[in-house]
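Keep in mind that the numbers below use all heavy atoms, side chains included, and drop hydrogens, waters and symmetry copies. For this chain, numbers begin at 1 and follow the sequence in order.
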Amino acid sequence: MNIKLTRLEKYWILYDVGNSAFVLLVATILPIYFNHLASSAGISEVDYLAYWGYATSVATVAVALIGPVLGSIADTQNYKKPLFTACMMVGVIGCAALSIPTSWIVFLAIFVIAKIGFNASLIFYDSMLTDVTTDDRLDTVSSAGYAWGYIGSCVPFVVSLVFVLLYDTIGISFQMAMTIAFFLNAAWWLLVTLPLLKNYKQTHFIDSKTGVTEKSSARSLVKDSFSRLGHTFVEIYHQKNIFYYLLAFFFFIDGVYTVIDMATAYGSALGLDTTGLLLALLVTQIVAFPFALLFGRLSRQFCTDQLIRFCIGAYTLIALFAIQLDKQWEFWLLAVCVGMFQDAIQALSRSYFAKIIPAEKSGEYFGIYDICGKGASFMGTFLVGVVAQITGAANAGVSILAVMFVIGFLLFGKAAKLNEPARRES
């Protein structure tokens with residue numbers, strides 16, 4: 001199989017490079033800066049972790065509610081790119097605007113808006129996968145997206161670290177260092193997205209007989225989208241292979257997204273060294289790159305469902321290890337292990353789903369896929385926050401993630417069995 005990427009595939013991958021800078025910023029520098037604002041206002045460490053979790057949960061729930069409708073609208077011809085562009089710009093502008101507030105409450109509000117834009121843009125971006133490549137290259141291209149996204153995000157992150165960690169030596173204030181970091185990551189995100197915006201064309205869309213005509217009003221467009229979405233929900237319920245896969249995805253991706261969203265906040269709440277946390281998570285990005293490409297190659301030798309099950313099992317062990325984490329070296333070990341499987345489980349889950357859904361309705365289906373992903377992320381971050389506050393111990397909330405992985409593993413086994421006949425035919 002030829003794995004040389006086409007120009008359009010490369011442009012699609014570049015968006016992963018851009019938005020991953022925001023992901024890394026959220027996973028590392030943002031929680032530390034929020035901790036600075038919160039502690040200045042007299043907020044305790046446990047409450048700081050909880051509030052960060054709640055803010056993340058609000059953003060994920062908002063996208064879970066609007067995502068399917070936006071995805072359904074995007075399946076109409078020529079609508080996917082404009083919607084993608086609008087959501088991307090909300091995220092970019094929100095990222096830059098994080099430098100403005102000095103109040104922790106206002107900072108969280110802007111963060112929620114930026115994260116909503118980011119999350120919503122991924123609905124359209126993921127559904128573009130079927131437009132930019134062929135079925136036999138889905139695993140490879142999806143894995144390459146995450147791989148280059150992780151390593152590419154290190155560029156603005158390393159430059160940001162120089163300012164954030166050495167601001168006093170450079171002769172600037174901490175606030176100015178954070179402003180530079182926010183604007184740098186926002187600019188990176190926007191610039192590397194431009195090639196995709198210029199060259200992407202929607203090749204799969206709803207037929208005009210069942211879709212919406214160009215003369216339709218915005219009101220009828222939304223109405224018809226709701227109608228199609230309702231029909232899609234019924235279709236999914238009867239297509240048990242997709243139904244069980246989405247249930248499985250809801251549970252196992254819970255832990256993955258929660259780890260991504262709260263790793264630095266968790267380590268910071270445990271009192272671990274800030275510099276060590278940032279460098280450890282940089283290692284996660286570096287480790288993720290070769291392992292992402294490795295799993296992309298392995299997908300040509302092993303069934304995708306086998307690789308996904310392997311990743312879920314590995315993440316279960318990671319979650320169990322994290323429960324007792326209280327030392328800096330343990331966080332480093334955790335960061336390396338997460339890097340080995342973080343990309344693979346997300347990339348393979350995305351490409352696996354793209355294989356089992358109708359390409360012309362990818363927007364709708366990925367909108368529903370996003371419900372499961374963001375709904376799980378909400379549940380994970382919310383439960384970690386609640387359990388941490390109830391018990392007064394940050395470690396306690398992590399235990400629930402291991403349970404989610406086990407449930408996801410069992411449900412995915414059911415989905416994989418239902419997909420076996422189709423896989424044999426292909």
Side-chain angles (χ1 to χ4, degrees), residues 14 16-41 48 52 55-56 88-89 91-104 106-115 117-118 148-194 260-269 271-289 328 331-332 335 339:
L14 272 177
D16 244 324
V17 174
N19 73 64
S20 291
F22 179 72
V23 174
L24 187 54
L25 191 72
V26 170
T28 54
I29 297 176
L30 251 65
I32 292 172
Y33 184 56
F34 173 61
N35 192 16
H36 166 74
L37 295 177
S39 60
S40 298
Y48 141 74
W52 183 254
T56 302
M88 180 271 296
M89 288 304 301
V92 168
I93 294 172
C95 179
L98 286 168
S99 60
I100 299 174
T102 55
S103 164
W104 67 271
V106 178
F107 180 85
L108 276 188
I110 296 177
F111 166 69
V112 168
I113 294 172
K115 194 165 176 62
F118 161 75
W148 287 103
Y150 280 124
I151 201 68
S153 66
C154 292
V155 176
F157 177 68
V158 169
V159 178
S160 298
L161 274 187
V162 172
F163 289 99
V164 172
L165 297 180
L166 303 176
Y167 67 91
D168 199 30
T169 303
I170 297 173
I172 60 176
S173 66
F174 180 62
Q175 177 68 35
M176 177 57 67
M178 293 303 305
T179 298
I180 293 172
F182 292 140
F183 273 91
L184 176 64
N185 282 270
W188 174 271
W189 185 358
L190 175 61
L191 290 176
V192 299
T193 306
L194 294 179
I260 293 172
D261 286 336
M262 302 194 70
T264 302
Y266 178 53
S268 183
L272 301 183
D273 176 64
T274 297
T275 302
L277 294 179
L278 293 176
L279 293 177
L281 288 167
L282 176 59
V283 169
T284 298
Q285 304 300 106
I286 296 172
V287 171
F289 177 68
Q328 193 81 37
F331 191 88
W332 276 80

Undergrad: Give me the atom names and distance for the closest heavy-atom approach of Gly152 to Pro156.
TA: O-CD, 3.4 Å

Undergrad: Would you confirm whether Ser173, through its side chain, and Met176, through its main-chain N or O, come within 3.5 Å as a donor-acceptor pair?
TA: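 At least one qualifying donor-acceptor pair exists.
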
Undergrad: So how far is it from Trp104 CH2 to Trp52 CH2, rounded to the nearest 0.5 Å?
TA: 12.5 Å

Undergrad: SG/Cys95 to CZ/Phe118 distance, rounded to the nearest 0.5 angstrom?
TA: 11.0 Å

Undergrad: Any heavy-atom pair between the side chains of Val164 and Phe174 that's under 4.5 Å?
TA: yes

Undergrad: What closest approach, in Å, do Trp189 and Met88 show between heavy atoms, and which atom pair accounts for it?
TA: NE1-CG, 3.9 Å

Undergrad: Within the structure provided, determine whether Leu37 and Ser103 are in side-chain contact (heavy-atom separation under 4.5 Å).
TA: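 The answer is no, as the side chains (C-beta and beyond) never meet within the 4.5 Å cut-off.
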
Undergrad: When you measure from the side chain of Ser39 to the backbone N and O of His36, does any donor-acceptor pair fall under 3.5 Å?
TA: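 Yes, the answer is positive, given that a donor and an acceptor are paired below the 3.5 Å cut-off.
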
Undergrad: Within the distance-only criterion (no hydrogens, no angle test), does the side chain of Gln175 pair as donor or acceptor with the backbone N or O of Thr102 below 3.5 angstrom?
TA: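 Side chain of Gln175 to backbone of Thr102, a donor-acceptor pair under 3.5 Å: no, none is there.
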
Undergrad: Please give me the minimum heavy-atom distance between Ser99 and Phe183, naming the atom from each residue.
TA: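 Residues Ser99 and Phe183, closest heavy atoms: OG-CE1, 3.3 Å.
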
Undergrad: If I compare all heavy atoms of Cys154 with all of Ile286, which pair ends up nearest, and what's the gap?
TA: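 Looks like SG-CG1, 4.3 Å.
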
Undergrad: Enter the distance from Asp16:CG to Ile151:CD1 here, rounded to the nearest 0.5 Å.
TA: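 Output value for this atom pair is 13.5 Å.
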
Undergrad: Side chains of Tyr167 and Met178, heavy atoms from C-beta outward: is any pair under 4.5 Å?
TA: no

Undergrad: For the CG atom of Leu30 and the CG atom of Asn185, what is their distance to the nearest 0.5 Å?
TA: 9.0 Å

Undergrad: If every non-hydrogen atom of Leu108 is compared with every non-hydrogen atom of Ala55, which pair is closest and at what distance?
TA: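 Taking Leu108 first and Ala55 second, the nearest heavy atoms are CD2-CB, 3.6 Å.
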
Undergrad: Given side chain to side chain contact (heavy atoms under 4.5 Å, CB included), test Leu25 with Phe157 step by step and report yes or no.
TA: CA-CA 7 Å; Leu25 191 72; Phe157 177 68; 5.8 Å; no

Undergrad: Sequence neighbours excluded, which residues qualify as ring-ring contact (aromatic ring centres under 6.0 Å, His included) partners of Phe107?
TA: Tyr33

Undergrad: I need the Trp188 CH2 to Asn19 CG distance, nearest 0.5 Å.
TA: 12.5 Å

Undergrad: Let's go through Ile93 and Ile113 carefully: what are the C-alpha distance in whole Å and the side-chain angles of both, what is the deciding distance for side chain to side chain contact (heavy atoms under 4.5 Å, CB included) to 0.1 Å, and is it a yes or a no?
TA: CA-CA 10 Å; Ile93 294 172; Ile113 294 172; over 6 Å; no

Undergrad: Ignoring hydrogens and angles, tell me if any N or O in the side chain of Thr284 forms a donor-acceptor pair with the backbone of Ala335 under 3.5 Å.
TA: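 Checked: pair present.
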
Undergrad: Apply the side chain to side chain contact (heavy atoms under 4.5 Å, CB included) test between Phe163 and each candidate in Leu184, Thr179, Ile29, Ile172; give the one that qualifies.
TA: Ile172

Undergrad: Does a side-chain heavy-atom distance below 4.5 Å link Val26 with Phe111?
TA: yes

Undergrad: Restricting to non-hydrogen atoms, name the atom on Ser153 and the atom on Ala21 that form the minimum distance, rounded to 0.1 Å.
TA: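 Of all heavy-atom pairs spanning Ser153 and Ala21, the closest is CB-N, 3.5 Å.
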
